[in-house]
Peer 1: 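Mind looking over this structure? Questions follow.
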Amino acid sequence: MDRRAFGIKIICTLLVVSRFAAGASIIFDIDGVLTQSNRLSFLWLAGPWQLAGLYNPFSAERMFMKFLDTLEPRRPDTPLVFHNAHRLPQIMCDWLCGTISGPEIIRLVETHLAGNKKYASYAGFIRAVSKVLFTPSLFVEGITPLKDGIRLFKRCAAQVDEHGNRRHRLFILSNWDPASFELLANTKALKQVFELCDGIVISGHVHLMKPDIRILEHLFVTYDIDPHKELTIVIDNERLNIAAARQLNKRQLHALICHDNEFKPIKKALKK
């Protein structure tokens, strides 16, 4: 190798090292990464007596989703959003995008249940679960922090450079209704985490939701992130959201999936 080629190689190596030494922009999801929603906890909040006569609570959950599907027709511009292997009904997508409130949905549920023979035997269950899901204070009560996820977040925040400045920028990007998020952000377990963030984008605030790539692009523009030139890491628990991030085809964008609350592969990837 001649001197000129060797010199170019050294310069390129130094540029790569300096870029990674400058840190990364790390984007965390909330549900499934920093918190988890326990289905049995929601059913308990709804009242265990509501399960009387139901053979399988989880099949009742599927029935509940089917009922919600009847409240509003699916729009072609609504992205496919899944939670616990269920495709979210249009009404829940609107709720997460902040275009309809929880109390409005509860009233709509009551209206559609009136005289509805198909769901008559499930009416008490549907009312109870709707009240828990779409009442922010009750909904947040069923959310628990994921200790491993919060520990990872704080560990990333604790990384400093040789001058003592925080090495990485940390962001939140999540599908969440605005009213519940305000309560969640002030819970003891998560308030400190959110205060460490350099930026937060919630679907209910911007009226966009993952896996629509526009919400990712909104975060990049708002917080001056260029994933084509600087190391950017997305951590999410939904495969469709991971696929959407990779679809952007940005050179320095890496999307890591948090599957079944398992953080060891993520830690390994971050170290690598």
Side-chain angles (χ1 to χ4, degrees), residues 24-37 65 68-69 71-105 108 133-134 136 139-140 143 149 153 169-185 190 193-194 197-228 230 232-250 252-258:
S25 292
I26 308 177
I27 303 164
F28 286 80
D29 189 14
I30 297 178
D31 186 42
V33 177
L34 298 176
T35 69
Q36 61 182 347
S37 51
M65 289 293 187
L68 291 184
D69 256 328
L71 300 185
E72 191 173 351
R74 188 98 189 158
R75 294 194 301 274
D77 60 336
T78 300
L80 287 175
V81 185
F82 285 84
H83 186 263
N84 289 336
H86 297 296
R87 188 197 72 174
L88 293 192
Q90 181 67 52
I91 198 77
M92 290 191 73
C93 293
D94 291 345
W95 170 62
L96 290 172
C97 283
T99 58
I100 188 170
S101 69
E104 287 176 311
I105 297 177
L108 199 58
L133 187 59
F134 300 116
F139 178 64
V140 170
I143 304 296
F153 185 97
R169 293 202 296 164
L170 304 178
F171 301 92
I172 295 290
L173 177 65
S174 192
N175 292 340
W176 214 280
D177 76 287
S180 296
F181 177 76
E182 292 305 315
L183 295 179
L184 184 77
L190 292 169
V193 169
F194 291 148
C197 287
D198 294 279
I200 297 174
V201 172
I202 298 298
S203 61
H205 294 161
V206 299
H207 311 308
L208 293 167
M209 66 189 307
K210 297 182 290 184
D212 189 334
I213 59 174
R214 290 179 298 171
I215 193 170
L216 262 171
E217 292 171 335
H218 174 87
L219 183 142
F220 295 153
V221 170
T222 303
Y223 296 107
D224 193 25
I225 302 170
D226 186 353
H228 201 64
E230 59 188 278
T232 306
I233 299 166
V234 174
I235 303 174
D236 203 289
N237 74 316
E238 290 290 344
R239 295 189 183 279
L240 282 177
N241 298 342
I242 294 294
R246 291 172 178 167
Q247 181 187 339
L248 290 170
N249 200 29
K250 300 293 185 180
Q252 293 299 327
L253 178 62
H254 302 268
L256 308 177
I257 190 162
C258 180

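Along the sequence shown, the residues carry numbers beginning at 1. Owing to the predicted nature of the structure, the values given are computational and were not obtained by experimental measurement. What you see below is based on every heavy atom in this structure, not just the backbone, and it leaves out hydrogens, waters and symmetry mates.
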Peer 1: List the residues meeting side chain to side chain contact (heavy atoms under 4.5 Å, CB included) with E104, not counting sequence neighbours, and say none if there are none.
Peer 2: I100, S101, R107
Peer 1: How far apart are the closest heavy atoms of A245 and L253, and which atoms are they?
Peer 2: O-CD2, 3.2 Å
Peer 1: So, the side chain of H228 versus the backbone of K250: is there a donor-acceptor pair under 3.5 Å, distance only?
Peer 2: no
Peer 1: What distance do I235 atom CD1 and I242 atom CD1 have between them, rounded to the nearest 0.5 Å?
Peer 2: 9.0 Å
Peer 1: Sequence neighbours left out, what passes ring-ring contact (aromatic ring centres under 6.0 Å, His included) with Y223? Give chain and number order.
Peer 2: F171
Peer 1: Working to the nearest 0.5 angstrom, can you tell me the gap between D94 CG and T78 OG1?
Peer 2: 6.5 Å
Peer 1: State, to 0.1 Å, how close P89 and R74 come at their nearest heavy-atom pair, and which atoms those are.
Peer 2: C-NH1, 3.8 Å
Peer 1: Return the CG to NE2 distance between L68 and H86, rounded to the nearest 0.5 Å.
Peer 2: 11.0 Å
Peer 1: Between P79 and M209, which heavy-atom pair has the shortest distance, and what is it?
Peer 2: CG-CG, 3.8 Å
Peer 1: Parallel, tilted or perpendicular, judged at 30° and 60°: which one describes the rings of F181 and F194?
Peer 2: tilted
Peer 1: Indicate the atoms forming the closest heavy-atom contact of F82 with E238, along with that distance.
Peer 2: O-OE2, 3.1 Å
Peer 1: Tell me the salt bridge (Lys or Arg N to Asp or Glu O under 4.0 Å) pairs involving residues 78-88, sequence neighbours left out?
Peer 2: D69-R87
Peer 1: Applying salt bridge (charged side-chain N to carboxylate O under 4.0 Å, His left out), can you list everything that pairs with D212, at least two apart in sequence or on another chain?
Peer 2: R214
Peer 1: Roughly how far, to the nearest 0.5 Å, is the CG atom of L219 from the CD1 atom of I200?
Peer 2: 10.5 Å
Peer 1: Go through the structure and list residues passing salt bridge (charged side-chain N to carboxylate O under 4.0 Å, His left out) with E72, not counting sequence neighbours.
Peer 2: R75
Peer 1: Between D177 and G204 (side chain of the first, backbone of the second, donor and acceptor by atom type, cut-off under 3.5 Å), is there such a pair?
Peer 2: no
Peer 1: With sequence neighbours left out, what residues match D226 under side chain to side chain donor-acceptor pair (under 3.5 Å)?
Peer 2: none
Peer 1: Could you tell me the separation between the CD1 atom of I91 and the CG atom of L96, rounded to the nearest 0.5 Å?
Peer 2: 11.0 Å
Peer 1: What's the shortest heavy-atom distance between P211 and L80, and which atoms?
Peer 2: CD-O, 3.2 Å
Peer 1: Using 30° and 60° as the class boundaries, would you call the ring planes of F139 and W95 parallel, tilted or perpendicular?
Peer 2: perpendicular
Peer 1: Give, for atom NZ of K210 and atom CG of D29, the distance between the pair rounded to the nearest 0.5 Å.
Peer 2: 3.5 Å
Peer 1: Closest approach of P136 and S180, non-hydrogen atoms and distance?
Peer 2: CA-OG, 3.6 Å
